[in-house]
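These values consider heavy atoms only, across backbone and side chains, with no hydrogens, waters or symmetry-generated copies. Convention: sequence-line order gives letters A, B, ...; per-chain numbering from 1. Bear in mind that the values here come from a model prediction, so they are computed numbers and not experimental data.
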Amino acid sequence: MAVADMDRINVFMAVRRAEKPARRAALSLALPLIVFLVVAFVAPILYLLVTAVGNPETRQVLPRTLGALETWDGVSVPDEPVYAALAADLKVAKDNSTAALLGKRLNYEISGMRSRVLAAARMVERLDTGPYKQKFLELNKDWGSPESWAIIKRNGTSLTPYYLLTALDLQQAPNGSVERVQGDQAIFLDVLARTLFVAGLVTLFTLILGYPVAYVLTIAPKAIAGIMMLMVLLPLWTSLLVRTTAWVVLLQSDGVINDVLMALHLTSDRLQLIFTRAGTVIAMTHIQLPFTILPIYSVMRSIPATQLRAARSLGAPPSSAFWRIYAPQTLPGVVAGCLMTFILSLGYYITPALVGGPRDQMVSNFISVYINRDLNWGLAAALGVVLLVVTLAIYLLFLRLVGADKIKLG
Amino acid sequence: MNFSKRISPATDNPVDALVRFEDVKKSYDGINFVVKDLNLTVSRGEFLTMLGPSGSGKTTTLMMLGGFEQPTLGHILLDNRPVERLPPETRNIGFVFQNYALFPHMTVAENVAFPLRYRGITGIAARERVRQALGRVNLEALGDRRPAQLSGGQQQRVALARALVFEPSLVLMDEPLGALDKQLRERMQIEIKQLQTSLGITMVYVTHDQSEALTMSDRIAVFHDGRIQQLADPATLYNEPANRFVASFIGENNSLSCTLLAREGGLAVVRMADGTTLKAAGTNVSGTGTDMSISIRPENISLAGEGVRADLNRFIGKARDVFFLGDHMRLSIEAFGGQLVTARIPARQARHFASGADVVLECGISECRLLEV
């Protein structure tokens, strides 16, 4: 028995040894793509995830202060050693030009902190000896506020939930509890809801417009189907920016669409289409149509014509045969097409930026603003993480609802 | 199999006629006719097969009867009622498609129950009907499966059960066994035939497989070039083909060109290319002169015996190829000035032939049939 087992294991090992070169060769063929994916896809995503929770500024600029704060009770005004440490840290920061960095970071959580830090840095440059506490309090009485010190102390950790909480309209109170942001600061949930709504609307419109087109494509004679297919694909071969710009032209108040509507006396006043949500949805629907049509078409093509005939021969009138026999079989394509359009729509940036108004901007637009204008990479990364999580959640929800085998993306 | 005992049902009695094609023509482009002047009556309870090569018009005819194509001209009567403009769902005809056309998103039981909902049969009554229909094809246990989980033969049975569950008076089948392997096909042929007989349904069956047609049919309509070439029971079709196409399409046949010399005593006297004269049956053929041929089945040719008999034709040839096939021997013989004649000699009569040896052969006069080219 044992001998037989040993033999079997030996044979198994021999097979593995014999196949090793083939496995290596196969892997080496895939290696360039794997390297490319790691460098261009996995690494940036990991960097994004880290940036969304990274918190290096306070630790780097105020190491002595943080050390001195360790024994602070968190309620009273700190004692002289803390201010001395702060002065020492700020002196170094002034020399290294890192004070502004710290000021910007702390300013996210305590408004006015940027100028306070810069003023303090300028002040300590002129001072040679203490006591410092009095000088700081004379400069700005807020340096005596325990809340400010609590926030500085809290940011001594290398990771912070601050950006992610902000991206979800939440904040951490000085005492550590999480609470909802009030008033006009609470914008990100609105933006997220708007993004989901616009993407959903675009998906619905592409489905309503695209489904009949896909059906006609499958039943049309070859020559006509070829031309139709070309018309479906043609926009796909044109740059997104060009198509969006074309829509800017079309949607103008004195643009082609308004001219036609006026000429047909359908409206008495020119419609405001550009810089509105309606314009954004129209342009995005047009751009996304091929992505919805193609998966539906590929599934429809695989349904034999005899399916409808069989249903009719069994007694079903045309409409009943269509809805009970044909439509359910197109579901894998419908789900795949809608999923593709919905997920792509979540990430739209250029089209809402050019065609939409200020109140139609989607998450991507805010990410861009935080990266390019505010240089707040942490918050931009956190918004990216939220978008990524929402996208994955929707994808998994679809998988759960209709089953992985019901989605045919090919 | 004994064909001669099979009685062909009465066809001209209008009471018995379930389906009638009257001067039906079908063209898709207005120039070429796929079906030309079709006149055909199908009797109640009959198993009629439309047999022919692809492009012969048999499937188009079936589709017109099913309601999926409209005749360009002419009428189709079902139960003495013209139906050619009625949509398929109102005709109450069972249809079994070539690839079964089972609905993949429904279970077997749901597939079979599908036609019942349009006939107001639901709930327990529907379940009972489905159970019965699946029982008839021995699939009671598989009602909860999806079509994709069934074998080809099982899918075929489901399609059959679905077409029979609403008890249509007429069932159409479009090459339903084409996708099955040979053994399964032969078993299904017998099962379908038994179902048809026991339920007393009228069936119109389309196939290009002649052995399938011969096995199952009461009558066979041989289609070629948009026309029915011959409509007869299997035995008549095999033994008395009406023309050269039928003779060559059904079974194996030697078709040999000849000149008609005379008609005497119900037989035709013909001269072959090398001058040999033979006698042949088939005096109903009207043509005269050179454009004629006789057809002889390979199994009707034998090695010449002792003495000359008046009811046999005798001729000489050279053996070209000799194949031994177990129960018989296949001879390829050059005769009548270079024409190749195939003969099937039973193994017990066979002896060794060298290629090129002279062979004397004979065949029954009644089995040589005179045909127009």
Please classify the contact between [X] and chain A as side chain, backbone, both or neither, with a heavy-atom cut-off of under 4.5 Å.
| X | result |
| --- | --- |
| B:F103 | both |
| B:R162 | both |
| B:L116 | neither |
| B:F68 | both |

Looking at B:L172, B:L102, B:T90, B:V165, which one has more heavy-atom pairs under 4.5 Å with chain A than the rest?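 Sorted descending by pairs with chain A, the first entry is B:L102.
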
State, with a plain yes or no, whether a side-chain heavy atom of A:R324 is found less than 4.5 Å away from one of B:R117.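 In contact.
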
Honestly, the part of A:A311 sitting under 4.5 Å from a heavy atom of chain B is both

Whatever's closer than 4.5 Å to a heavy atom in chain B on A:P304 counts as neither

Answer key: most heavy-atom pairs under 4.5 Å with chain B among A:I303, A:I325, A:L308 is A:I325

Based on non-hydrogen pairs under 4.5 Å, which of A:A316, A:P328, A:S313 is most in contact with chain B?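 Looking at each option in turn, the highest pair count goes to A:A316.
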
Give me the atom names and distance for the closest heavy-atom approach of [X] to [Y].
| X | Y | value |
| --- | --- | --- |
| A:P318 | B:E89 | CD-OE2, 3.2 Å |
| B:P87 | A:R312 | CB-NH2, 3.5 Å |
| A:Q329 | B:P104 | OE1-CG, 3.3 Å |

Rounded to the nearest 0.5 angstrom, the NE2-OG1 distance for B:H105 and A:T330 is 9.5 Å

Problem - From CA spacing to verdict: side-chain hydrogen bond (donor to acceptor under 3.5 Å, both in side chains), A:S320, B:Y118 - result: CA-CA 10 Å; A:S320 180; B:Y118 296 102; 2.4 Å; yes

>> Do the side chains of B:E69 and A:R309 get close enough for a salt bridge, i.e. N-O under 4.0 angstrom?
In response: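 The answer is yes: the pair qualifies as a salt bridge.
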
Would the number of heavy atoms belonging to other residues, nucleotides or ligands and lying under 6.0 Å from [atom1] of [X] be above 12?
| X | atom1 | value |
| --- | --- | --- |
| A:L33 | CG | yes |
| B:R81 | CZ | no |
| B:D144 | CG | no |
| A:F197 | CZ | no |
| B:R85 | CZ | yes |

